[in-house]
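For ligands, and for the atoms within them, numbers begin at 1 and follow the listed sequence. Quick caveat, the model's predicted, so the values are computed rather than measured. Atoms considered below: every heavy atom in the structure, side chains included; atoms not considered: hydrogens, waters and symmetry mates.
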Amino acid sequence: MDKTIKPIEHLRGETELPGDKSISHRTVLIGGISKGKTTVKNFLQAEDCLHTVSAFRAMGIDIDIRDKNVSIRGGGLKGLKKPEKKLYLGNSGTTMRILPGILAGQDFKVELTGDASLSKRPMDRIIAPLREMGACIHSQNRNGCPPLTVGGGRIKPIEHSTRVASAQVKSCILFAGLYADGVTSVTEPFMSRDHTERMLEFAGAKISRKNLTVSVKGKCPLQGKEFIVPGDPSGAAFFIAGAALLEGSDVTLRGVGLNPTRTGFLTALRKMGARITVLNKKEAVEPYGDIRVRSGPLKALTIEKKDVPLLIDEVPILAVLATQAKGTTVIKGIGELRVKETDRIFSITENLRLMNADIRADGDTLVINGRKKRFAKATLNSFKDHRTAMSMAVAALFADGDCKIKDTACVNTSFPEFFNLLEHLK
Ligand code: S3P
């Protein structure tokens, strides 16, 4: 499905955001192995999270979805059953990378498959530590990518240092650590999102944290709880960027997640000079609040490698904004973008160049020479990647004519309501 986007003057109004994708996945991952009932409010009903739901249903877990409310009847740490078929996880890297941590502790073997994009994504980063813990896991094509076969084993604790900061890898090892006799630790080079630690602790796991190391004590049961999923800050980023860019904009986004490991984009925008106010901040397992954004002149900035995990999914939309900021923006240490749903360094430079922007990739660094000027209209390619599609839709709002974006059905991966909300804020 292609989409034509017409340029507009500004974005205005208020809206709530659909639930956070990372947190929604984790409510099912945790609820499925907790004892008793887990209830979830504001669950994200997008394809990725629904793949996690189907996987748990196929393993015997009763999950009831009513609009954004979900209830899960967990069977405890070892309460999953062998599924009758392979588990198909679609485009969901989060499910493919975290679920094996839980499967490592079960007494059966499962095959995990995904779509063409997921089948190219590196899994050796979870295969190696899970094997070290005693799980039986391999890439069926011996290329380090899905399909994977995962079987449980006698899980022993490890102390693992990850080469890249990845919440998915960290989470996988922490979940496997729930099944180990003793304490499992993960140390990252830089801090990545910490939803797993927060949510596992809330469900009763024994978690401790020191600097860049998180540890979990194995064999402690989890209890069903109520999770309230805040609005997705990565989804909010598209409207925040649109409002920062288009003169005369004034947008308020209600109930957006403000976990400090996810607010790197807000920090970056403030440094660029965007007018952002956070209102009604509430502390909770996952803090949230309202974000008001008004347009204003933007200036360039430099993002260092250590700050990248805090805005990893927002780099494409940040690049769009940087093309319109005064000066040269440099985004360093973004090699991980090459192995996301598509190579996002390529997808974003390719598309923005078609729109006459001055952007180049230098290894794992993006260099963007900004100037405030409407983009040239163009036909853009989503590369079937949801965040590329939505980033280009926002850029197209600030073009000098209609832009066509190819293959936009991919937005359903994380944000089925995206185009409706965009209409609402026009
Ligand atoms: C996610 C972590 C990030 C992010 C992805 C979701 C998660 O990936 O890009 O969209 O839910 O843990 P990495 O941790 O692998 O960088």
A student comparing E188, R193, R125, K21 should find that the heavy atom closest to atom 2 (C) of ligand 1 comes from R193

To atom 1 (C) of ligand 1, the nearest of R121, E341, Q168, E336 on a heavy-atom basis is Q168

So the atoms of ligand 1 within less than 4.0 Å of a heavy atom of S22 turn out to be 1 (C), 6 (C), 7 (C), 11 (O)

Review point. N/O to N/O below 3.5 Å, does that happen between A165 and ligand 1?
Key: no

- Can you check whether S171 has an N/O within less than 3.5 Å of an N/O in ligand 1? no

Please list the nearest protein heavy atom to [atom] with its residue and the distance rounded to 0.1 Å.
{"atom": "atom 15 (O) of ligand 1", "value": "S166 OG, 2.9 Å"}
{"atom": "atom 10 (O) of ligand 1", "value": "D313 OD2, 2.8 Å"}
{"atom": "atom 16 (O) of ligand 1", "value": "K340 NZ, 3.0 Å"}
{"atom": "atom 14 (O) of ligand 1", "value": "A167 N, 2.6 Å"}

Think K219 forms a cation-pi with Y179, using NZ or CZ under 6.0 Å from the six-ring centre and within 45 degrees of its axis?
no

Using the ring of F43 (Phe, Tyr or Trp, six-membered ring only), decide whether K68 places NZ or CZ under 6.0 Å from its centre and within 45 degrees of its axis.
no

Ring-ring centroid check F383 F346, cutoff 6.0 Å: yes

### Query
Any chance the rings of F239 and F418 have centres within less than 6.0 Å?
yes

Separation between OG (S347) and CG (L380), nearest 0.5 Å, reads 11.0 Å

I'd like to know whether ligand 1 has R97 as a neighbour, heavy-atom separation below 4.0 Å.
yes

Does some non-hydrogen atom of R26 fall short of 4.0 Å from ligand 1?
yes

So, E283 and K281, do they make that salt bridge, N to O below 4.0 Å? yes

Exercise. Is there a donor in the side chain of H386 and an acceptor in the side chain of S414, or the other way round, less than 3.5 Å apart?
Worked result: yes

Residue pairs meeting salt bridge (charged side-chain N to carboxylate O under 4.0 Å, His left out), one or both in residues 265-277, sequence neighbours left out, come to none

